[in-house]
Asks: 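Below you'll find the structure I mean.
Note that the structure is predicted; figures quoted are calculated from it, not measured.
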Amino acid sequence: MVSSIIPVDPFDLVIFGATGDLARRKILPALFRRVMAGQAPMGSRIIGASRSDLDDSAFQKLTKEAIQEFVPKSDYKSADLDGFLAMLSYKTIDAFSDAGWDELATSLKDHANPVRAFYLSVSPSLITPTTQHMKAFDLITPETRVVVEKPLGTDLASAKALNETLRDAFDESQIYRIDHYLGKETVQNLMALRFANIFLEPLWNAKYVDHVQITVAESVTVEGRGEYYDTSGAMRDMIQNHLMQLLCLVAMEPPAHFEADSVRNEKLKVIHALAPVDMRDTVRAQYRASDKTGSYLDHVNDPQSRTESYVAIKTEVSNWRWAGVPFYLRTGKALKKRVSEITLIFKQVPHSIFPDLADDYQNKLVIRLQPEEGITLHMTVKEPGPGGMRLTEVPLDMSFAEIIPDNVAIDAYERLIMDAIRGNQTLFMRGDEVEAAWGWTDHIIEQWNASSSKPVAYDQGSTGPEDAIALMARDNRRWQRLDAV
């Protein structure tokens, strides 16, 4: 498989929060890889900005240490790193005062590149003062983009307030709300799989699909960041954004064109078509203590917490394509395995002529997002050899790790940052899309808050609580195994 690298125009990128964890782990290594690949031209400038009192040399040293920690040494040469560090400079900025903003404005005006981007890798409380200062100091040009990290609000009201703040300084066409799940190779291949192959689209509807499962399972606990996590929980942290986006890509109608607003219009229609969820079709849970580590309540340091570390939901897309097809969503911490996948379970054949075919056998299409990206179609074939017609299930497996060369595979942040630089919003959320997702999510959270019931418990290293199994069992269905391929 051959891939071509299409360079972007030279750019100036200012990273607010450049000394933070996300910048060190993801943003700076992603930029380094794109520079090495020749996609980000050497004439570009990367300007770190934060309250930390650093100079250019200190920021370059911090960046060098980040690259050495998060990029394998075998992937680059010392000269590559030296060239990248030469692109970096630093400005000490205070979001709540005018300190440092004149210096940043002067730096951007000197030797300005055609494209200017701001990456807001900061806490939500800093977004408003940061964007206000950008506007006040005339840093925003027609070719400016602003990249905003989640959380994009904590409910509908806060999401609307955030959107108003951003739109006060930027046009919607300049705002890039990032969800790294949309940058994954398999997520984009989902669109190619659906809309570039004629044989699947006729089956992608309620006539042939029995139900859809979307799973994002994590094996780690919240230990070490429990107090922060307890302010969001699995619903706000995962369902409202990551799983919602995956659901939209599975359920959306074909857009008229493969361009940003056409795609996002169809995703928005899916969210608007989601039926309101009754609390009886949800499960919220917290992991118990194990022999090795404490419980969720221990890790958040609050024995009365009702915040969920696990959620399972049954919902439906109320439109002609999907009427009657349940969509089951689940996500959680401290589970058996780290895995993210979308599974379409197809209906049984209307009449089986094979005695060996199990009564409950159904074909399924599994789209794996992590840890090994790929697509698997489970089919029934004849078992090889003599002795009659014996049937067996075989997976038709396409592993991206096997077919994509190492120099082509890229991290989601690499793709998304380059898309922002080139002005392609297809893989970024629009403001009305975010608000619609919060409107649907808030309805569930409000029911939980009004209820006297507490989250149920589940064992660490399990597949989740028994109540989630029961949620599927009452429909005569079952979750896909977390360790299944």
Side-chain angles (χ1 to χ4, degrees), residues 182 184-215 243-259 261-275 314-329 340-354 357-369 373-382 391-400 403 426-427 472 475-478 480 484-485:
L182 295 183
K184 292 181 178 294
E185 192 75 43
T186 322
V187 173
Q188 293 177 82
N189 253 306
L190 174 56
M191 288 188 280
L193 184 74
R194 286 197 58 192
F195 305 133
N197 297 287
I198 190 64
F199 65 92
L200 276 179
E201 183 59 22
L203 307 179
W204 210 274
N205 54 57
K207 183 177 180 180
Y208 296 102
V209 176
D210 179 79
H211 70 280
V212 178
Q213 298 181 25
I214 302 177
T215 297
L243 276 80
M244 180 71 74
Q245 289 297 309
L246 298 180
L247 188 157
C248 288
L249 291 175
V250 170
M252 64 187 278
E253 294 297 319
H257 307 282
F258 187 63
E259 57 89 24
D261 277 335
S262 289
V263 172
R264 296 190 294 184
N265 287 343
E266 297 303 332
K267 288 163 60 184
L268 182 61
K269 291 177 185 177
V270 173
I271 301 174
H272 285 160
L274 285 176
K314 174 187 174 182
T315 188
E316 183 177 327
V317 180
S318 299
N319 61 19
W320 279 33
R321 179 184 289 267
W322 295 112
V325 177
F327 283 69
Y328 298 94
L329 316 179
S340 297
E341 66 182 26
I342 302 164
T343 304
L344 277 77
I345 309 293
F346 293 93
K347 293 182 177 180
Q348 296 172 274
V349 294
H351 172 69
S352 175
I353 62 174
F354 301 106
L357 188 64
D359 292 338
D360 61 349
Y361 177 75
Q362 295 168 280
N363 297 115
K364 60 185 178 182
L365 177 67
V366 181
I367 302 161
R368 300 186 307 277
L369 310 180
E373 294 183 304
I375 299 171
T376 302
L377 179 62
H378 293 259
M379 300 184 65
T380 296
V381 299
K382 177 188 176 298
L391 303 182
T392 186
E393 180 184 305
V394 296
L396 301 181
D397 190 25
M398 181 177 72
S399 171
F400 293 161
I403 66 172
T426 305
L427 299 178
M472 294 283 280
D475 295 335
N476 294 317
R477 298 185 176 99
R478 60 179 180 270
Q480 297 302 297
V485 177

Asks: Roughly how far, to the nearest 0.5 Å, is the CE atom of Met252 from the CD1 atom of Ile271?
Replies: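 If I round to the nearest 0.5 Å, the distance is 11.0 Å.
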
Asks: Would you call Ile342 and Leu249 a side-chain contact if the rule is heavy atoms closer than 4.5 Å?
Replies: no

Asks: What I'd like to find out is whether the side chain of Lys269 reaches to under 4.5 Å of the side chain of Asn319, using heavy atoms alone.
Replies: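 A side-chain contact is absent here, since even the closest heavy-atom pair is not under 4.5 Å.
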
Asks: Would you compute the distance between atom OG1 of Thr186 and atom CD of Glu341 and round it to the nearest 0.5 angstrom?
Replies: 11.5 Å

Asks: Carefully, step by step, assess Glu253 and Trp320 under the rule side chain to side chain contact (heavy atoms under 4.5 Å, CB included).
Replies: CA-CA 11 Å; Glu253 294 297 319; Trp320 279 33; over 6 Å; no

Asks: Which heavy atom in Val317 sits nearest to a heavy atom in Ala251, and how many Å separate them?
Replies: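 Shortest heavy-atom contact: CG2-CB, 4.2 Å.
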
Asks: Could you check Val250, Thr215, Val366, Leu365 and say which one makes a side-chain contact (heavy atoms from CB on, under 4.5 Å) with Thr343?
Replies: Val366

Asks: Got a donor-acceptor contact below 3.5 angstrom from the Glu316 side chain to the Gly324 backbone?
Replies: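 Side chain of Glu316 to backbone of Gly324: a pair is present.
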
Asks: Can a donor-acceptor pair be found, under 3.5 Å and without considering hydrogens, that links the side chain of Arg194 to the backbone of Pro254?
Replies: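 No; judged by distance alone, with no hydrogens or angles, the pair does not exist.
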
Asks: Within a strict 4.5 Å, meaning less than it, do heavy atoms of the Tyr208 and Pro202 side chains meet?
Replies: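 The answer is no; the side chains never approach within 4.5 Å.
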
Asks: Side chains of Arg477 and Asp210: does their closest heavy-atom pair fall under 4.5 Å?
Replies: yes

Asks: What I'd like to find out is whether the side chain of Leu344 reaches to under 4.5 Å of the side chain of Trp204, using heavy atoms alone.
Replies: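 Side chain of Leu344 against side chain of Trp204, heavy atoms only: contact under 4.5 Å found.
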
